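Since the structure comes first, as structure tokens, the remarks are kept for the end.
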Amino acid sequence: MSTTVEMVRRPSSGAEQAPPSGALGRLRWAVVDGWVMTGRNMRHVIRSPEEIVLYFSLPIMFVLVFGYVFGSGMAVPGDGSYREFLLPGVFVMTMLYGLGATASQIAVDTGRGVVDRFRSLPMARSALLTGRAGADLLRALLELTVLVVCGLLVGWRWRNGVGDALAAVGLILLLRLAFTWLGILLGLLVPNPDTVSVIVFPFAFPLTALSNVFVAPELLPDWLGAIAAWNPLSATVAAARELFGNPGTGGESWAAQHALLLAVGWPVLLIAVLAPLAVRRYQRLSR
Amino acid sequence: MTDETSAVVARGLRKTYGRTTALDGFDLTVPRGTVCGLLGPNGAGKTTALRVLTTLLRFDAGHARVAGHDVTRRPERVRAAIGLTGQYAAVDETLSGRQNLVLFGRLRHLPARMVRQRSDELLDQFGLTDVAGRSAATYSGGMRRRLDLAASLITTPEVLFLDEPTTGLDPRSRNGLWDAIRTLVTGGTTVLLTTQYLEEADQLADRISVVDAGRVVAEGTPAELKTRFGADRIELVVRHAGQLPAAAGLVERVTGGQVHVDRETRRLSAPVADRITALADLLRALQDASIAVEDVVLRRPTLDEAFLNITGHGASERTEVAA
Ligand SMILES: Nc1ncnc2c1ncn2[C@@H]1O[C@H](COP(=O)(O)OP(=O)(O)OP(=O)(O)O)[C@@H](O)[C@H]1O
Ligand SMILES: [Mg+2]
């Protein structure tokens, strides 16, 4: 600390805006602050490249192991390549596993002193959560890009044009957003970042296994098939297969017939339930 | 000083955590442009009071105004007017020092150019320019503390809250911070700080509030507290350890106070009411009893003593201020 005299030179007389009182002004601040927090969270991602490498290794390994090792023995309803059937499933599964990162980062943020700084600033309080969601979506977009490139290399294609393909990506991101809220809630409920990143696995794994990610539900025993068909993961996977024009779509069940509807309905329902719960829990930080 | 013109007003604040009562009728008034020091033993409720006043914590009863705004009803106005450095560092460990300041500046809605300029100024002032690009996780405790302090000064706050701001700082940084606080106050900022260092309170604070068991138990300027709760002391060192008991008896008779004896250093001390009379009487009595004395001093009361007398126990094991 050298000279301290300049410190009082009011750096901001007038430059610092007063908190808005109108609803529109508040919304603008919420958006601006959410964006700033998104940037902050993305910087965390960039600062830890080894985490990204580890992160991508899992889905790529799934593509290789299931696509080439088990893939030869796997059947696809109708005709078609198993790898092409598999890829949309891996896209969605990767979104699910992102949940652990969301939860542990929320736990880290709220467990450390830095949350006090955020909460004592004249920023929108929602920004801590919306910034998390924004960064999760950007990161998911990055992951999807890597996976799409991998997919193209192993022979996966989108066959219904760019519009449908983008719609599929949109649905996948919508599901990711639902998982973000689940992750935020978990991160607030289990404030230990080490624990929370691990507790995700015992429930993410069966959720993937009991879905159409690896096997078409028609090929499962009836009751398992019914569970798999109604699984929120399956809805998005089935809708993505339909939009990408990949094999393994259709099926007898109502759920399979209305995959697009469910791929929108499930995430929206999950967000409608989870987001208010997470926000309520977040507000309890001031107890 | 009326409530309207005071920077901080707390009335009857109560806050319980389960069965622990952290604040129990906490009252405080801090006039604008002054420095108020909160002193109190560990667990007295200092941090809790600061967290309530900075809108971080809801409370059970009472009311509080900061910078003219009600803490419960207009928290966003309060937040826009304050700066806070809490007891534990509140910086983003993953980001670099500069990124931290830029982030907090943007969240204060300053224009981007001004944020960058201000961050550089603060990094310079807090001696962090050399490490500005390194992630805060690699900072030493004192560096992190300085970054934390810089973060609360990105805009000049109307009211600055500092919870044990100099804990963990080296003497140079501590002096620098004291200067910074004095300069801020000259510019009109009000400062409410907690500290375990009584010397710090003595140096900085216009008024001190002593907190114990969730309420303010004594209040006044450092000088007032010292005279009200401390006493002048007389201290003497005898030449021969064998004469200690006899000397102690004399001191007790003359001063009428409780005598403290330190065998190792052959030092005796006792509180006195009338300094000069006591000194004269004691010297005469010692001479009459032929007790050889090496040194005699009269000491002014310290804030330490006042503090001990008010709370009945020490500030904490961390209290290092010399007696
Ligand atoms: N989150 C919490 N949950 C339960 N009890 C708490 C919590 N925070 C504080 N307390 C209790 O409230 C009381 C006051 O704590 P506080 O942190 O305000 O003390 P303090 O004066 O700041 O002490 P220190 O000098 O050690 O920092 C203590 O008894 C403490 O145990
Ligand atoms: Mg404290």
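Letters go in sequence order (proteins before strands), and every chain restarts at 1. The structure displayed is predicted, hence computed values, not measured ones.
Of all the listed residues (B:Leu84, B:Thr54, B:Val78), the one sharing the greatest number of non-hydrogen pairs under 4.5 Å with chain A is B:Leu84. Of the listed residues B:Arg77, B:Arg182, B:Glu93, B:Gln99, the one with more heavy-atom pairs under 4.5 angstrom with chain A than any other is B:Gln99.
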Working for side-chain contact (heavy atoms from CB on, under 4.5 Å), residues B:Thr85 and A:Arg117: CA-CA 8 Å; B:Thr85 293; A:Arg117 164 108 23 231; 4.1 Å; yes
Derivation and outcome, side-chain contact (heavy atoms from CB on, under 4.5 Å), residues B:Leu107 and A:Met37: CA-CA 9 Å; B:Leu107 291 172; A:Met37 288 300 279; 4.0 Å; yes
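Within 6.0 Å of atom CZ in B:Arg58, more than 12 heavy atoms from other residues, nucleotides or ligands are found, so the atom counts as buried in its surroundings. Taking a 6.0 Å sphere around CG of A:Leu153, one finds it holds more than 12 heavy atoms contributed by other residues, nucleotides or ligands. No more than 12 heavy atoms of other residues, nucleotides or ligands shown are found within 6.0 angstrom of CZ on A:Phe205.
Looking at every heavy atom in both residues, A:Pro122 comes nearest to B:Arg108 through CD-NH1, 3.7 Å.
Atom CG of B:Asp92 is separated from atom CG of A:Asp109 by 7.0 Å, given to the nearest 0.5 angstrom. Rounding to the nearest 0.5 Å gives a distance of 8.0 Å between CG of B:Leu103 and CZ of A:Arg43. To the nearest 0.5 Å, the span separating OG1 on B:Thr94 from CD1 on A:Ile46 amounts to 12.5 Å.
Residues B:His109 and A:Asp33 have side chains in contact (heavy-atom distance under 4.5 Å, counting atoms from C-beta outward). The shortest distance between side-chain heavy atoms of A:Arg119 and B:Thr55 does not fall below 4.5 Å. Put simply, the side chain of B:Leu95 reaches to within 4.5 Å of the side chain of A:Arg40, judged on heavy atoms.
Proximity to chain A involves both the backbone and the side chain of B:Asp148, based on heavy atoms less than 4.5 angstrom apart. In this structure, the portions of B:Ala151 lying under 4.5 Å from any heavy atom of chain A include both its backbone and its side chain. In this structure, chain A has heavy atoms under 4.5 Å from both the backbone and the side chain of B:Phe104.
Ionic pairing of B:Arg51 and A:Asp116 is present here: one or more N-O contacts between side-chain nitrogen and carboxylate oxygen are shorter than 4.0 angstrom.
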